[in-house]
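Data first, discussion second: the structure below is written as structure tokens.
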Amino acid sequence: MKIAVVGTGYVGLVSGTCFAETGITVTCVDIDQKKIDGLNNGIIPIYEPGLENMVKNNVESGRLFFSTSLEESLVDCEAVFIAVGTPPGEDGSADLTYVLAVAEDIGKHMQDYMVIATKSTVPIKTAEKVRNKVAEALQKRKVDLEFDVASNPEFLKEGAAINDFLKPDRIIIGTDSERAEKLMRRLYKPFLLNGHPIIFMDITSAEMTKYAANSMLATKISFMNDIANLCEVVGADVNMVRKGIGSDTRIGNKFIYPGAGYGGSCFPKDVKALIRTGDEYNRSLEILKAVELVNENQKLVIPGKIKAHFNQQLKDKKIGIWGLSFKPQTDDMREAPSLKIIEELLKEGAVVRGYDPVAMDEARRILGDRIDFSNDKYEALIDADALVVVTEWPEFRVLNYKVLDRLMQEKVIFDGRNIYDSEEVREYGFAYYSIGKQPVMP
Ligand code: NAD
């Protein structure tokens, strides 16, 4: 069996590689020549644990190919997956330019029946637009080829993407064709051996499922951040409240950690896009509007605490930041809370020095020379007036107080992810600010 995956980013590269892992022949297509040249030379454009080895093995086994030519890649394919970006347009709606350009190209080049499945996160009714684009292109060619469209939203988490793809909680396929259903079942069978389901549904419901899932997760985070901020002023400890509510099986203990706000390439844009869809259909999604507002405010909580601690005088204060990516185990900095925090600190004249285990190149690309970059976590703290933890990478979890004591000018820690124990930090003579708890002073 042969397939093509168009768009070789986080989703396309992981999906294509994992499909190849099952014995299928896969071509990953991208318009970015540099990316494809790099991949053909063994350079993986993103950081994703386990990906490099898996790409290498499948390339060596002759099952995984990289190309900029969609035309060549579609030859003998039974299915093509669209996995290009759908960034937010100016009004918050998902920009379908890339998805529809690919659909048109598929129509221009396909030679036989195939299933055209959209993996990108796209608003409802996009499959119809894809169908129309392909049909128009075929009409222009004056060829009469059968094809089916399907919606196959992707749920992988960056940082755990390989595992999520190989052992998915569920696979969602929206289609109105039995032939497409049969083919998708065959393709995904190897990933379902752990008993998790493949759920077939109509196309609109599949498109909606992806947005509803991400919006629900974002809602949990914003809800918890709202509760955390209240905990702080009433004198409750949000960590205890979290444990207290998380033990209720109806609520569950996942995704209820308060923090510095959600970021990344999905939640912010998908929440915006669903709000926009609601408005379009005159069904204003009030909860999601609040979720977004709470999240924007949450990104200001840590800068607010820093400003208050230094009596609004941040000029020339040296602030060491640990963690720049939007979450651990990825180099993705899209909408990362660190960017907002850094922006606020720079506005006040602070000198920022950042460190991240894998996102340094990406951070340099985005921030240029506006901040200093350190080679390791301790270099970021030389003469620092404060340590700010923004992303909870494992290497930040246990503090070496002696080293911190020696390096830092002032002993104060702002913890945007609640990873330290207040009492322990205090015992070592540090002031400690976290989310949803009273600060502790030495
Ligand atoms: P990405 O930006 O990492 O990659 C997109 C790739 O598509 C880029 O390499 C780009 O060059 C390529 N591209 C653009 N136009 C093209 C064209 N005409 N032909 C070929 N390639 C083209 O994006 P991503 O993070 O992989 O996300 C892709 C989609 O999947 C988005 O809709 C996103 O919302 C969704 N999604 C992402 C994640 C995630 O964790 N990143 C998870 C689930 C779903």
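Values below: every heavy atom of this structure, side chains too, minus hydrogens, waters and symmetry copies. Counting starts at 1 for both ligands and their atoms, following the listed order. What you see is a predicted model, and the numbers here were worked out from it, not measured in a lab. For the single chain, residues carry numbers from 1 onward in sequence order.
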query: Any idea which atoms of ligand 1 are less than 4.0 Å away from a heavy-atom of Thr86?
result: 31 (C), 32 (O), 34 (O)
query: Would you find a donor on one side and an acceptor on the other, under 3.5 Å apart, between the side chain of Glu335 and the backbone of Ser265?
result: no
message: Quick check with a 6.0 Å cut-off and a 45 degree axis cone: is Arg364 positioned over the face of Phe373's six-membered ring?
response: yes
- request: Nearest heavy atom to atom 33 (C) of ligand 1 wins, so pick from Lys119, Gln33, Lys269, Glu104.
  value: Lys269
- prompt: Around Gln139, counting heavy atoms of other residues, nucleotides and ligands shown, do more than 12 lie under 6.0 Å from its CD?
  reply: no
- request: Give the atoms of ligand 1, by number and element, whose distance to some non-hydrogen atom of Arg334 is under 4.0 Å.
  value: 1 (P), 2 (O), 3 (O), 23 (O), 25 (O)
Any donor-acceptor pair under 3.5 Å from Lys327 side chain to Glu392 backbone: no
- prompt: Would you say Asp32 and ligand 1 have an N/O pair spaced under 3.5 Å apart?
  reply: no
- prompt: To the nearest 0.1 Å, how far is atom 7 (O) of ligand 1 from its closest protein heavy atom, and which atom is that?
  reply: Gly7 CA, 3.4 Å
message: Checking the side chain of Lys119 only, and the main-chain atoms of Ser151 only, is there a donor and an acceptor separated by less than 3.5 Å?
response: no
- request: Return the option from Gly85, Ala213, Gly9 holding the heavy atom at the smallest distance from atom 4 (O) of ligand 1.
  value: Gly9
query: Quick check, are the ring centers of Phe165 and Phe191 under 6.0 angstrom apart?
result: yes
query: With a cut-off of 6.0 Å (strictly less than), are more than 12 heavy atoms of other residues, nucleotides or ligands near OH of Tyr378?
result: yes
message: Any nitrogen or oxygen of Tyr98, side chain or backbone, less than 3.5 Å from one on ligand 1?
response: no
query: Hey, is the main chain of Val390 close enough, under 3.5 Å, to the side chain of Arg417 for a donor-acceptor pair?
result: yes
message: Out of Glu154, Glu158, Glu48, Lys34, who is nearest to atom 43 (C) of ligand 1 when you count heavy atoms only?
response: Glu154
- request: Looking only at protein heavy atoms, identify the closest one to atom 29 (C) of ligand 1 and say how far it is in Å.
  value: Val84 O, 3.3 Å
- prompt: Has ligand 1 got any nitrogen or oxygen that is less than 3.5 angstrom from a nitrogen or oxygen of Lys35?
  reply: yes
query: Just by distance, do the side chain of Asn295 and the backbone of Tyr262 share a donor-acceptor pair under 3.5 Å?
result: yes
query: Should one rank Ile31, Asp164, Val11 by closest heavy-atom distance to atom 19 (N) of ligand 1, which comes out on top?
result: Ile31
- line: Checking heavy atoms under 4.0 Å, the part of Cys266 that sits near ligand 1 is side chain
query: Heavy-atom count around Glu344 CD within 6.0 Å, excluding the residue itself: above 12?
result: yes
query: With a 4.0 Å cut-off on heavy atoms, does Lys157 reach ligand 1?
result: no
task: For ligand 1, note which part of Ser265 has a heavy atom under 4.0 Å away: side chain, backbone, both or neither.
output: side chain
- prompt: Can Asp415 and Tyr432 be counted as having a side-chain donor-acceptor contact under 3.5 angstrom?
  reply: yes
task: Examine Arg170 relative to Phe155 and say whether NZ or CZ is less than 6.0 Å from the centre of the six-membered ring and inside a 45° cone about the ring axis.
output: yes
field: Numbered atoms of ligand 1 (with element) below 4.0 Å of Val102, judged on heavy atoms
entry: 17 (C), 18 (N), 19 (N)
- line: Of all protein heavy atoms, the one nearest atom 8 (C) of ligand 1 is Asp30 OD2, 3.4 Å
query: Tell me: protein heavy atom nearest atom 35 (C) of ligand 1, and distance?
result: Thr121 OG1, 3.4 Å
For Val6, the ligand 1 atoms whose distance to one of its heavy atoms is below 4.0 Å: 19 (N), 20 (C)
query: Backbone or side chain, does any N or O of Asp270 fall under 3.5 Å from an N or O of ligand 1?
result: no
- prompt: Going by the atom numbers of ligand 1, which of them fall below 4.0 Å from some non-hydrogen atom of Ala83?
  reply: 28 (C)
